[in-house]
Engineer: 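Mind having a look at this structure? Questions to follow.
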Amino acid sequence: MKNPHTPVLPVWLNSTISQCVALGLITLVAFVPSLFNGFVWDDTPYIVENPFLPVFDPEILKAFWMGNYHPLTLFTYFAEYQLIGPEPFLYHLDNLLLHVLNVFLVRAILLRLKVGEVSAFTASLLFALHPIHVESVTWISERKDVLYTLFFLLAVYQWCRYRYEQNKGAYGLTLLFFLLSCLSKGMAVTLPVALLALDLFHFRKPIPKIIAEYIPLGVISIGFGLLAIWAQRSSSAMRTGDYYSYFDHLIMGGYGLYLYLSKLIIPWPLSAVYPIPFKIKDLYFPTSIYVSAISLVVMGIAFWRGNSFLRLLILWFLGTLFHVLFAPVGSAIASDRYMYIPSIAFCWGLAWLILQRKNLFIPLLAVLTVGYAFLTFERAQVWKENFTLFSDVARQYPNDLLANNNIGLYHVKRKEYDQARIAYSRVVNAYPLDYTGYFNMGVAYLQEEKGPEAKFYFDQVLRLKPDYPDLPVQMGLASLLVKAYDTAAINFRIAVQQFPGFKDYWYNLGLAEGKLGNLQASDDALKKAAELDPTDPLIWVQLSSNAHKRGDLNAENNYEAKAIELSKGEDPGMLFRNKGVLLGEMGDYAGAQEQFFKAIAIDSTDGEAWYNLGFSYEKSGDLNAAIPCYQRSAKSGYGSAQELLKKNGMGW
């Protein structure tokens with residue numbers, strides 16, 4: 001592993017301090033854009049919406065979160081939240097500092113393994129800057145990556161001490177750091193394979209003599225491995241079903257290995273998502289998938305015919321990656337973050353290769369350093385926000401489900417519904433059996449209050465995923481818009497059973513039951529909503545409307561007075577407008593007009609009230625009375641009235 005003609009480093013890098021300062025500064029410069037990034041992707045549930053962060057709850061020590069068991073990682077988020085709350089800077093800074101510490105540890109381990117100072121520095125520099133690590137470092141949700149690696153590498157370092165010094169304390173520290181690594185992320189269970197690679201091909205230990213030393217490691221590994229599988233299954237993160245056979249998973253594992261190797265060798269373009277390949281006519285993969293799967297055979301031959309150093313690198317690489325090559329987890333064939341620890345073997349091997357070219361060592365290292373740093377700097381900016389991240393994915397994989405769903409959500413939040421539907425259409429067309437595109441398309445139409453279109457897409461979700469928890473509420477809202485009150489009531493009955501603590505669900509159930517004439521059921525639902533939030537004036541408006549339908553004048557007045565009291569300082573006219581609309585829907589246009597006049601008495605410039613008054617006159621057949629109302633509404637700036645008059649060639 002050592003070359004007697006190894007090049008030397010510049011004089012200013014001839015000490016541990018100078019090397020660490022150089023490594024740290026170069027790493028910080030390359031990753032500095034990440035410090036100005038926001039929350040992306042899973043960061044919202046991990047930080048912003050995480051109920052464990054504002055106040056300490058012992059449940060954090062045993063909870064599964066986002067399909068993972070990583071209490072130590074969650075605790076670091078808790079500590080940061082206490083200092084800065086849901087502001088991204090500190091979380092990004094800590095991720096970057098953890099990466100720098102891991103760079104130092106890679107160097108320290110290689111020095112422990114006596115590979116030489118130049119080799120150790122070169123490999124750690126390549127590890128520090130490799131663009132494939134951007135996902136692990138710049139994505140706050142991947143704190144678990146840089147944190148578990150910190151303890152993983154500390155365990156490796158102590159194992160090296162144990163082997164060189166036979167220090168039983170070092171063996172105990174190995175177990176301790178292994179445990180902490182597993183508490184940070186389940187992928188840490190691969191540590192015994194990494195240690196075995198060192199034992200077999202560096203320390204040259206015969207397997208029979210070291211079996212006993214691996215028993216405690218194996219117990220920890222198996223225990224946390226089973227826990228990780230349980231956590232993944234509890235969140236439905238594991239791919240299940242009969243679509244992919246065992247042979248398919250083998251082929252996909254080979255293709256995934258090819259992707260990882262190719263992205264390590266040429267780290268451009270990288271992607272936050274590498275989609276699982278489609279099978280042609282549900283029968284077979286494209287030929288390129290089968291060809292690239294030969295990478296497994298190539299790696300096997302290299303291991304069989306290689307020297308001890310090559311075998312060490314291959315066993316470390318495959319041993320720390322194998323479980324994500326073939327395990328049916330997630331919706332991607334590969335992920336950059338899974339390369340964080342396996343890439344150590346690649347960087348070590350690459351360092352060895354360029355050290356063989358003594359005369360070209362400095363130029364080669366300079367080119368790699370500048371190239372990696374540039375690509376990392378650029379890549380870190382892609383992770384700035386969801387839109388830049390998923391737009392980057394969509395440029396490489398235009399029909400990707402995850403990317404287009406997130407791009408659509410971005411546009412929906414900005415009320416750019418046409419652009420959102422373009423993104424969702426790609427999902428629907430490319431994944432006709434996946435419910436998410438239909439659901440998101442329905443929500444987009446619902447946001448525009450286009451009930452028929454929304455209901456059409458929610459009907460597709462009902463066909464594909466009838467037990468989807470969010471469907472009843474959205475289907476209920478769409479049904480209210482199209483006045484399918486029986487369907488709305490059915491869906492909101494399901495919603496309140498699933499989520500009994502949501503006031504709006506009870507309110508909408510009461511609204512639907514009231515439209516159906518089920519006044520007692522409507523009152524019961526509305527009163528339940530009032531128990532959950534007695535300060536919402538709309539609940540009392542609807543109760544007042546129900547009382548009006550029953551002819552109970554006293555109850556009607558009491559509920560109306562309650563609504564007026566609650567709306568003080570806000571928009572009291574809203575109460576009368578809403579009640580007027582309710583009465584108008586019942587065909588009581590005279591009663592509706594009375595309510596609209598009450599709203600106008602409060603504010604004579606209430607354009608919405610004037611518009612609704614005009615509408616009620618029009619519905620009752622008095623167009624002569626309606627037109628002046630529309631004109632008063634238009635003069636007050638109410639857009640619907642202005643559009644109506646323009647459409648009919650009338651001014652105001």
Side-chain angles (χ1 to χ4, degrees), residues 1-35 90 92-131 133-134 136-137 146-147 149-165 167 169-170 173-174 177 180 198 202 340-341 343-352 354-355 358 361-374 376-377 380:
M1 288 184 290
K2 293 179 68 176
N3 187 333
H5 303 293
T6 297
V8 296
L9 294 171
V11 176
W12 56 274
L13 284 175
N14 61 3
S15 70
T16 296
I17 293 177
S18 62
Q19 289 183 22
C20 288
V21 169
L23 288 170
L25 288 177
I26 294 171
T27 305
L28 290 172
V29 169
F31 283 93
V32 73
S34 70
L35 298 179
L90 181 60
H92 283 300
L93 176 62
D94 288 345
N95 268 26
L96 181 49
L97 293 177
L98 284 168
H99 178 56
V100 171
L101 290 176
N102 291 333
V103 171
F104 293 163
L105 280 170
V106 169
R107 175 183 175 276
I109 289 168
L110 294 179
L111 287 176
R112 264 283 173 182
L113 292 173
K114 303 177 181 179
V115 302
E117 189 173 46
V118 178
S119 181
F121 176 82
T122 303
S124 57
L125 178 62
L126 297 175
F127 175 80
L129 298 178
H130 201 292
H133 296 154
V134 170
S136 295
V137 179
V146 289
L147 186 64
T149 299
L150 176 72
F151 296 116
F152 190 104
L153 295 179
L154 284 170
V156 172
Y157 184 83
Q158 292 301 325
W159 189 262
C160 294
R161 278 191 61 215
Y162 173 62
R163 282 288 176 245
Y164 281 120
E165 303 170 10
N167 186 319
L173 286 173
T174 299
F177 289 131
L180 293 174
L198 293 174
H202 183 82
Y340 197 66
I341 282 181
S343 68
I344 294 173
F346 173 82
C347 294
W348 186 2
L350 183 57
W352 182 87
I354 63 175
L355 279 166
K358 180 177 180 182
F361 167 69
I362 294 298
L364 286 172
L365 182 58
V367 169
L368 286 171
T369 299
V370 173
Y372 280 4
F374 174 78
T376 292
F377 190 91

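Position 1 is the first residue of the sequence; numbering continues from there. In this text the structure is predicted, and so the values were computed from the model without any measurement.
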Engineer: Check whether any side-chain heavy atom of Val115 sits under 4.5 Å from a side-chain heavy atom of Trp352, and report yes or no.
Structural biologist: no

Engineer: Is it true that a side-chain atom of Thr27 and a backbone atom of Ala128 form a donor plus acceptor pair closer than 3.5 Å?
Structural biologist: no

Engineer: When rounded to the nearest 0.5 angstrom, what distance separates CG in Leu180 from CZ in Phe152?
Structural biologist: 14.0 Å

Engineer: Check for a donor-acceptor pair, side chain of Thr174 on one end and backbone N or O of Trp159 on the other, with a separation under 3.5 Å.
Structural biologist: yes

Engineer: Looking at Ser119 and Gly116, would you say the former's side chain and the latter's main chain have a donor-acceptor pair under 3.5 Å?
Structural biologist: no

Engineer: Is the count of non-hydrogen atoms from other residues, nucleotides or ligands lying under 6.0 Å from Tyr164 atom OH greater than 12?
Structural biologist: yes

Engineer: Would you say Leu126 and Thr122 make side-chain contact, with heavy atoms under 4.5 Å?
Structural biologist: yes

Engineer: Is any side-chain heavy atom of Leu23 closer than 4.5 Å to a side-chain heavy atom of Val100?
Structural biologist: no

Engineer: Using only atom types and a distance under 3.5 Å, with no angle test, would you say the side chain of Ser343 pairs donor to acceptor with the backbone of Phe346?
Structural biologist: no

Engineer: Can you say whether the rings of Phe127 and His99 are parallel (under 30°), tilted (30 to 60°) or perpendicular (over 60°)?
Structural biologist: tilted

Engineer: Is there a side-chain contact between Val156 and Phe177 in this structure, where contact means two heavy atoms from C-beta onward sitting under 4.5 Å apart?
Structural biologist: no

Engineer: Hey, mind stepping through Phe361 and Val118 against side-chain contact (heavy atoms from CB on, under 4.5 Å) and telling me if it holds?
Structural biologist: CA-CA 11 Å; Phe361 167 69; Val118 178; 3.7 Å; yes

Engineer: Can you tell me how far the OG atom of Ser124 sits from the CG atom of Asn102, to the nearest 0.5 Å?
Structural biologist: 12.0 Å

Engineer: Could you walk me through whether Leu153 and Ile344 satisfy the side-chain contact (heavy atoms from CB on, under 4.5 Å) test, starting with their C-alpha distance in whole Å, then the side-chain angles of each, then the deciding distance to 0.1 Å, before giving a yes or no?
Structural biologist: CA-CA 11 Å; Leu153 295 179; Ile344 294 173; 3.7 Å; yes

Engineer: Contact between Val146 and Leu150 at the side-chain level, heavy atoms closer than 4.5 Å - yes or no?
Structural biologist: no

Engineer: Identify the heavy atoms of Pro131 and Thr376 that sit nearest to each other, and give their distance.
Structural biologist: CA-OG1, 3.3 Å

Engineer: Would you say the side chain of Leu350 lies within less than 4.5 Å of the side chain of Leu368, judging by non-hydrogen atoms?
Structural biologist: yes

Engineer: Are Leu173 and Tyr162 close enough that some pair of their side-chain heavy atoms sits under 4.5 Å apart?
Structural biologist: no

Engineer: Taking the side chain from Gln19 and the backbone from Leu13, do they hold a donor-acceptor pair closer than 3.5 Å?
Structural biologist: yes

Engineer: According to the interplanar angle, ranging from 0 to 90°, do the rings of Tyr372 and His130 count as parallel (below 30°), tilted (30 to 60°) or perpendicular (above 60°)?
Structural biologist: tilted

Engineer: Between CG of Leu365 and CD1 of Ile354, what distance do you get to the nearest 0.5 Å?
Structural biologist: 5.0 Å

Engineer: What distance do Glu165 atom CD and Arg112 atom CZ have between them, rounded to the nearest 0.5 Å?
Structural biologist: 4.5 Å

Engineer: Out of curiosity, Leu105 CG to Phe151 CZ, how far, rounded to the nearest 0.5 Å?
Structural biologist: 10.5 Å

Engineer: With heavy-atom distances below 4.5 Å as the criterion, would you say the side chains of His92 and Leu96 are in contact?
Structural biologist: no

Engineer: Hey, what do you get for CZ (Arg107) to SG (Cys20), rounding to the nearest 0.5 Å?
Structural biologist: 4.5 Å

Engineer: Check Gly24 against Phe104 and note the closest heavy-atom contact, atom names and distance.
Structural biologist: N-CE2, 4.1 Å

Engineer: Would you name the heavy atoms of Cys347 and Ala123 that are closest together and state the gap between them?
Structural biologist: CB-O, 3.7 Å

